[in-house]
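Proteins get letters first, then strands, A, B, ... in listed order; numbering begins at 1 in each.
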Amino acid sequence: MPEGHTLHRLAGQLNDSFAGRRVRVSSPQGRFAASAAVLDDTTMITTTAHGKQLFCGFTDDRVLHVHLGLIGSFDVGPPAPVRGEVRVRLATEAAVADLRGPQLCAIRTPAEVAAVVATLGPDPLRADADPELAWARLHRSGRPVAALLMDQSVLSGVGNVYRAEVLFRNRIDPHRPGNELTRRSWRAIWGDLVELMPIGVRDGRIDTVRPEHTPEAMGRPPRVDDHGGEVYVYRRAGEACLVCGSRIRTEVLAGRNLFWCGRCQRRG
DNA sequence: CGAGCATGGTGAC
DNA sequence: TCACCCTGCTCGA
């Protein structure tokens, strides 16, 4: 589930259901019980996201800091019985939010939150983002651009799906070192993320395929994949590229499965 | 039933 | 670079 769009969407959902309200906070699973008791029956002020970090601000300067990691989920919905391993449950009379499998879940002070945010690169989903900060680091690095895009201290919120898709859409070779990337390419990448990621927030899935390459336009079956969206290369290894027809390639880069088209993606 | 996998990140070597 | 953490789901025995 979780790249930056998931967290920003979640911030919106949590605000809709809990901001300005007294919230019951519990830990059905027990692993967060002591901290849950501290927050219980206090008021959520507002929840924000920065990259993949989620910050739920409560009264008395207490911030619930959540990072979903690879397998975490935070499901907001109407009241329902607890199911599975629920680390934290937020609840009102009208809504429940269940946090499962987070990589990180802790109460922070505002100063601690600021320190975390200070380590993060600009987030394409935030209005205060300055892409020059990312460029400054990126164009001085010899690491492959596909690794740099995943580095949350370079820019934040991009994960394995967006990195593969944004590089494909801009025809950039994932292996190109950051210091060989043109400024023009970087501006194209950033602009594309600013365009694509809000769509992900709105729809709760990652769609990157342009109108001329959609299943309807190409007479191909819609993608059937648990990640949901229509994409060009992510998890399409061995399939025909939607643009040129050559086989989508895959390899492990920066510890994650990278997907790309060796014919379409030659730019630097 | 166990193994393997997943849109992430850390800490040890 | 690797092991490992968190959870749930799918697949094959």
Are the charged groups of A:D98 and A:R83 less than 4.0 angstrom apart, N to O?
no
Between B:dT7, B:dG9, C:dC6, which nucleotide gets closest to the side-chain atoms of A:I71?
C:dC6
Are OP1 or OP2 of B:dT7 and a side-chain N or O of A:K52 less than 4.0 angstrom apart?
no
Below 4.0 Å: OP1/OP2 of B:dT7 and any side-chain N or O of A:H5
no
Under the rule for ring-ring contact (aromatic ring centres under 6.0 Å, His included), what residues qualify as partners of A:Y234, not counting sequence neighbours?
A:H227, A:F259
Using the P atom in both, what is the distance from C:dA13 to B:dC5, to the nearest Å?
15 Å
A:G84 near the nucleic acid: base, sugar-phosphate alone, or nothing, with a heavy-atom cut-off under 4.0 Å?
sugar-phosphate
So, does A:Y162 get its side chain near the phosphate of B:dT7, meaning an N or O under 4.0 Å from OP1 or OP2?
no
Please determine if A:R267 and A:D173 form a salt bridge, counting it only when a charged side-chain N lies under 4.0 Å from a carboxylate O.
no
Nearest of B:dA6, B:dG9, B:dT7 to any side-chain atom of A:V161?
B:dT7
For C:dC6 and A:R31 - does any side-chain N or O of the residue sit under 4.0 Å from the phosphate oxygens OP1/OP2?
yes
Would you indicate what A:E85 reaches in the nucleic acid, counting non-hydrogen atoms under 4.0 angstrom: base, sugar-phosphate, or nothing?
sugar-phosphate
So, is A:N257 near the phosphate of B:dA6, with a side-chain N or O under 4.0 Å from OP1 or OP2?
yes
Within the structure, does a side-chain N or O atom of A:Q29 lie under 4.0 Å from either OP1 or OP2 of C:dC6?
no
Taking atom C1' of B:dA6 as reference, at what distance in whole Å does atom CG of A:L70 sit?
5 Å
So A:G159, base contact, sugar-phosphate only, or nothing? Heavy-atom distance under 4.0 Å.
sugar-phosphate
To the nearest angstrom, how far is A:L253 atom CG from B:dT7 atom P?
14 Å
Pairing of A:D203 and A:R205 as salt bridge, 4.0 angstrom limit
no
State whether A:R256 places a side-chain N or O below 4.0 Å from either non-bridging phosphate oxygen (OP1 or OP2) of B:dT7.
yes
